[in-house]
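Working notes, beginning with the structure itself.
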Number of protein chains: 2
Amino acid sequence: MENNGNNEYVRGTIKTIVLNLLAERGRMYGYEITHEVKDRTDGEITLTFGALYPVLHKLEQEGYLETESEAVDGRLRKYYSLTTQGSETARTKTHDLARFVEAVKLLLNPPGLATD
Amino acid sequence: MENNGNNEYVRGTIKTIVLNLLAERGRMYGYEITHEVKDRTDGEITLTFGALYPVLHKLEQEGYLETESEAVDGRLRKYYSLTTQGSETARTKTHDLARFVEAVKLLLNPPGLATD
DNA sequence: CAAATATATATAAGTATTTTATATATACAA
DNA sequence: TTGTATATATAAAATACTTATATATATTTG
């Protein structure tokens with residue numbers, strides 16, 4: 001029963017995480033995204049389907065993602081990939097999130113604070 | 001007109017940011033908190049009052065904060081400080097946020113990605 | 001063969017959180 | 001006296017997320 005509740009902090013970052021992963025991997029399907037995120041963060045970040053799918057659909061509506069469905073082993077897979085506009089947004093948002101992360105570190109580890 | 005919109009990522013971190021600042025500074029008032037956050041992050045993170053005060057009130061309700069009002073220059077100031085329970089929560093949440101931040105970095109800067 | 005588990009997408013109801021707008025009040029500068 | 005800075009506060013609206021649920025196939029386990 002690892003850690004939970006940490007997902008509190010995922011708020012607001014899901015879109016960017018998805019865009020960034022797709023920028024890196026070319027195309028992915030929903031199920032794959034949740035597993036990749038969990039794997040790469042050692043279970044620290046878990047995207048639930050209830051949160052992920054609405055985000056994917058919204059990004060598609062907004063023109064950042066395009067989809068192609070494929071049947072693999074009889075099961076349907078919906079692959080998502082970035083549009084041109086999506087690539088640009090991915091770059092901007094990833095950069096912004098990286099900046100935010102650095103800013104948070106300034107608040108958590110102020111210069112000159114003893115790490116006792 | 002610096003950057004805005006980055007506040008998108010503040011979602012979910014406000015509580016922890018406030019608790020952590022109070023752990024560090026002993027006591028602060030709302031207005032001071034927003035300024036401290038803005039200063040220390042070079043304007044990157046801006047806590048709006050509409051977001052901050054509800055959080056302060058909630059943390060007080062939950063028993064994490066206690067308050068004392070003081071009149072300074074005729075103006076009222078409400079100082080917030082951590083309760084014993086609040087100190088413990090501050091420690092836990094700060095630690096969790098630091099872990100989350102590291103996890104996000106794993107997603108944004110995967111090992112072996114050329115920074116072209 | 002039946003049941004459980006893993007794979008795979010999807011939505012809806014409820015909750016929580018945040019933005020935006022607004023109200024109140026003092027002090028000081030133009 | 002108008003605007004800006006200081007200072008707290010709330011309410012309405014929008015957004016985002018959690019939890020629960022539905023559907024369906026493939027594979028493993030008993």
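Protein chains get the first letters and strands the later ones, always in sequence-line order, with residue 1 at the start of each.
Only one option out of B/D96, B/T13, B/T16 pairs with A/Y9 in a side-chain hydrogen bond (donor to acceptor under 3.5 Å, both in side chains); it is B/T16. Screening B/R99, B/K93, B/R11, B/K15 for a salt bridge (charged side-chain N to carboxylate O under 4.0 Å, His left out) involving A/E8 leaves a single residue, B/K93.
Remark: A/T41 engages A/E44, A/I45, B/A103, B/L107 in a side chain to side chain contact (heavy atoms under 4.5 Å, CB included) (not counting sequence neighbours). Partners of A/H35 according to the ring pair (Phe, Tyr, Trp, His ring centres under 6.0 Å) rule, which considers only residues two or more places apart in sequence or in another chain, are A/Y31.
Across the protein-nucleic acid pair, B/R77 atom CZ and C/dA25 atom C1' stand 15 Å apart, rounded to whole Å. Here the C1' atom of nucleotide C/dA21 and the OH atom of B/Y53 are 16 Å apart, to the nearest Å. Counting to the nearest Å, the P atom of D/dT6 and the NZ atom of B/K38 are 11 Å from each other. Atom pair A/Q61:CD and C/dT11:C1' shows a separation of 13 Å (rounding to whole Å applied). Across the protein-nucleic acid pair, A/L56 atom CG and D/dC17 atom C1' stand 15 Å apart, rounded to whole Å.
Atoms CE and OH, from A/M28 and A/Y80 in turn, are 13.0 Å apart once rounded to the nearest 0.5 Å. The distance from the NE2 atom of A/H95 to the CG atom of A/N20 is 12.5 Å, given to the nearest 0.5 Å. How far CD1 of A/I14 is from CD1 of A/I33: 11.0 Å, rounded to the nearest 0.5 Å. For the atom pair CG (A/L19) and OG1 (A/T92), the distance works out to 10.0 Å, reported to the nearest 0.5 Å. Residue B/I17 holds its CD1 atom at 7.5 Å from CG of A/L108, rounded to the nearest 0.5 Å.
At a threshold of 4.0 angstrom between heavy atoms, the contacts of A/Y79 with the nucleic acid are absent.
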Pull out every protein N or O sitting under 3.5 Å from an N or O of nucleotides 22-27 of chain D, one pair per line with the distance.
residue, atom, partner, partner atom, Å
D/dT25, O2, A/R75, NE, 3.4

Can you give me the N/O atom pairs linking the protein to nucleotides 15-19 of chain C at distances under 3.5 Å, or say none if there are none?
residue, atom, partner, partner atom, Å
C/dT17, OP2, B/K58, NZ, 2.9
C/dT18, OP1, B/G12, N, 2.3
C/dT19, OP2, B/T48, OG1, 3.4

List, one per line, each side-chain donor-acceptor pair under 3.5 Å for residues 51-69 of chain A, sequence neighbours excluded.
residue, atom, partner, partner atom, Å
A/E60, OE2, A/T67, OG1, 3.3
A/E68, OE2, A/R27, NH1, 3.0

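B/R77 and B/E32 are not joined by a salt bridge, as no carboxylate oxygen comes within less than 4.0 angstrom of a charged side-chain nitrogen.
Contact check of residues 27-34 of chain B against DNA chain D (heavy atom, cut-off under 4.0 Å) returns B/Y29, B/G30, B/Y31.
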